[in-house]
Amino acid sequence: MHYFDNAATTKPYAEVLHTFNKVNENYYFNTASIHQAGRDSAKLLEASRKQVLQLFSLPNYTCVFTSGATESNNIAIQGTLERKKRFGRTILVSQIEHPSVINIVDHYGGEGFNVEFIRTTGEGRVDVGHLESLLNEDVVLVAVMAVNNIVGSVQPVEEIKDALMNYPKVHFHVDATQAVGKAAIDYRGVDSLSISAHKFHGVKGAGALMLKEGKSSGQIHFGGGHEYDIRSGTVNLPAVAAMAKALRLTLEDMDDDLARIEGYNHSLRSELDGLESIVIQPSDVPHIINLSFTGAKGEVVVNALSEKNVMVSTTSACASKRAASNETLTAMNRSPEVIDGSIRISMSRETETENVEVLISALKEVYEEIGDVLR
Ligand code: PMP
């Protein structure tokens, strides 16, 4: 199988599975139990927390372990809005956020908040000038992702931090789910940051929400008080310890991986360059390539490739559950034909030269097979 859907999820590293299994066998205790076994498990939990924060260079932040980025985004956004609703009611959000951000913001839009969408450039990056023009004393939340999951554009997180300098009331939330191991971004100073382990070769069911010192999240979960009372519920220690390991391995090898995947990205683009009706979007990270068979349906291309044992996705696994058209490409002002015919190819450290060669041949074959519908 030739797997090119790494933006949906990645294969856990063997070392990560080893950690996961070992912790399941030896530290299956509740980290909140006060007996010795519980205390030993709590020690491992704290070591994992410290490691995650250090790897992000955010040693003084609070790291709350969650089940993944969907939960982290929901806690950050709901918690912030519940806490700040007395001080202001405007939310600024990019047009190209993941549904786990857009849908909760939409919900608050129906609860009396004013939701303003920050424009996106043709390269899929948030327009900081437009953001600046939307800032005012009523704004309490700005949410912008670090790397977009559809086209791989890197967002101007550092410029946004600067733009918000004179607005201390604003909480700046960054969804860094697609950025880990793909883009070196300085997150110091952001108010909250979400990650999800399975996007960087961890196991599913673990994520984190990192909160700037002194920023508590308003409470939206009620329970036994785990994870600073922000995310109650018995902690998934095996998945958390495995996430810390996956993070270390991913960041250690990031430069080498980027160089190799950059090469694959280049081969794909140059091999398909010049084929009429094929449109390839720009991307800032090499891992993601969004490609359209203009005139065809993305699903048809995905299925045709799948029959050749090549796995890619349409827009994104999450968005494909909804009938909605692709918000990112729409925000980038692409034509309906380009949007309908788009597929996402996403690579990871596990991608090898042979996979890319097979993908290129398969794409060319599908191009021939469906040639009559292409424009
Ligand atoms: N944010 C972004 C940018 C994503 O790509 C995803 C995963 N598709 C999520 C959040 C949600 O992550 P999870 O499904 O692990 O909760």
Side-chain angles (χ1 to χ4, degrees), residues 3-12 16 52 64-78 93-106 118 120 124-126 142-157 173-183 185 187 190 192-210 220-221 231 233 236 239-240 242-243 246-247 250 283-285 287-290 311-322 324 326-329 331-332 342-348:
Y3 184 65
F4 287 93
D5 197 14
N6 288 279
T9 198
T10 56
K11 182 178 176 188
V16 164
V52 169
V64 177
F65 290 120
T66 65
S67 63
T70 297
E71 189 178 30
S72 299
N73 286 338
N74 272 272
I75 294 176
I77 292 170
Q78 293 190 51
V93 63
S94 90
Q95 292 169 303
I96 59 170
E97 295 300 305
H98 186 264
S100 59
V101 169
I102 288 288
N103 289 344
I104 184 65
V105 164
D106 259 5
I118 314 160
T120 305
R125 300 193 202 108
V126 163
V142 171
V144 175
M145 64 198 345
V147 169
N148 175 264
N149 50 316
I150 308 293
V151 295
S153 48
V154 175
Q155 303 306 318
V157 169
H173 175 68
V174 177
D175 173 4
T177 307
Q178 294 289 349
V180 179
K182 301 186 180 102
I185 296 172
Y187 296 110
V190 307
S192 54
L193 190 74
S194 299
I195 60 167
S196 217
H198 70 101
K199 304 284 186 183
F200 51 91
H201 308 279
V203 298
K204 289 157 193 64
L209 173 66
M210 286 165 263
I220 62 153
H221 269 268
R231 199 279 191 181
N236 185 357
V240 162
M243 172 167 71
L247 187 61
T250 296
S283 66
D284 296 322
V285 297
H287 304 68
I288 297 180
I289 293 190
N290 192 297
M311 310 300 152
V312 304
S313 71
T314 43
T315 55
S316 78
C318 312
S320 65
K321 292 213 183 71
R322 305 187 301 158
N326 186 321
E327 289 83 354
T328 298
L329 293 174
M332 289 165 67
S342 73
I343 61 168
R344 180 185 67 184
I345 295 164
S346 51
M347 297 180 271
S348 79

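Positions are given from 1 along the sequence. Side chains are part of it too, since the values below use all heavy atoms of this structure and drop only hydrogens, waters and symmetry mates. In listed order, ligands and their atoms are each counted from 1.
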Q) With atoms numbered from 1 as shown, which atoms in ligand 1 lie under 4.0 angstrom from a non-hydrogen atom of Gln178? A) 3 (C), 4 (C), 5 (O)
Q: Between Ala69 and ligand 1, find which residue part has any heavy-atom pair under 4.0 Å and reply side chain, backbone, both or neither.
A: both
**Q.** Ser196 neighbourhood, listing ligand 1 atoms whose heavy-atom distance to it stays under 4.0 Å
**A.** 12 (O), 13 (P), 15 (O)
Q.
Using side-chain contact (heavy atoms from CB on, under 4.5 Å), reason through Asp284 and Arg125 one step at a time and then give a plain yes or no.
A. CA-CA 10 Å; Asp284 296 322; Arg125 300 193 202 108; 2.9 Å; yes
Q) Stepwise, does the side-chain contact (heavy atoms from CB on, under 4.5 Å) test hold for Val64 with Met210? A) CA-CA 6 Å; Val64 177; Met210 286 165 263; over 6 Å; no
Q. Between Phe200 and Thr250, what is the shortest heavy-atom contact and its length?
A. O-OG1, 3.3 Å
Q | Proximal atoms of ligand 1 relative to Ser100 (non-hydrogen, under 4.0 Å) | A | 10 (C)
**Q.** Contacts of type side-chain hydrogen bond (donor to acceptor under 3.5 Å, both in side chains), residue Asn148, not counting sequence neighbours
**A.** Thr328
**Q.** Part of Met145 with heavy atoms under 4.0 Å of ligand 1, whether side chain, backbone, both or neither
**A.** side chain
Q: Determine, considering heavy atoms only, which of Thr66, Asn74, Thr70 sits nearest to atom 16 (O) of ligand 1.
A: Thr70
Q | N or O contact, Lys199 vs ligand 1, cut-off under 3.5 Å | A | yes
Q.
Assess the residue pair Met243 and Phe65 against the criterion (side-chain contact (heavy atoms from CB on, under 4.5 Å)); give the C-alpha distance rounded to whole Å, side-chain angles, the decisive distance to 0.1 Å, and a yes or no.
A. CA-CA 10 Å; Met243 172 167 71; Phe65 290 120; 3.6 Å; yes
Q: Quick one: pull up CG in Asn73 and CD in Glu97 and give me the separation to the nearest 0.5 Å.
A: 8.0 Å
Q. Is there any N or O on His98 that sits under 3.5 Å from an N or O of ligand 1?
A. yes
Q | Worked check of side-chain contact (heavy atoms from CB on, under 4.5 Å) between Asp175 and His98 | A | CA-CA 9 Å; Asp175 173 4; His98 186 264; 4.0 Å; yes
Q. Should you measure from each heavy atom of Asn149, which atoms of ligand 1 turn up under 4.0 Å away?
A. 5 (O)
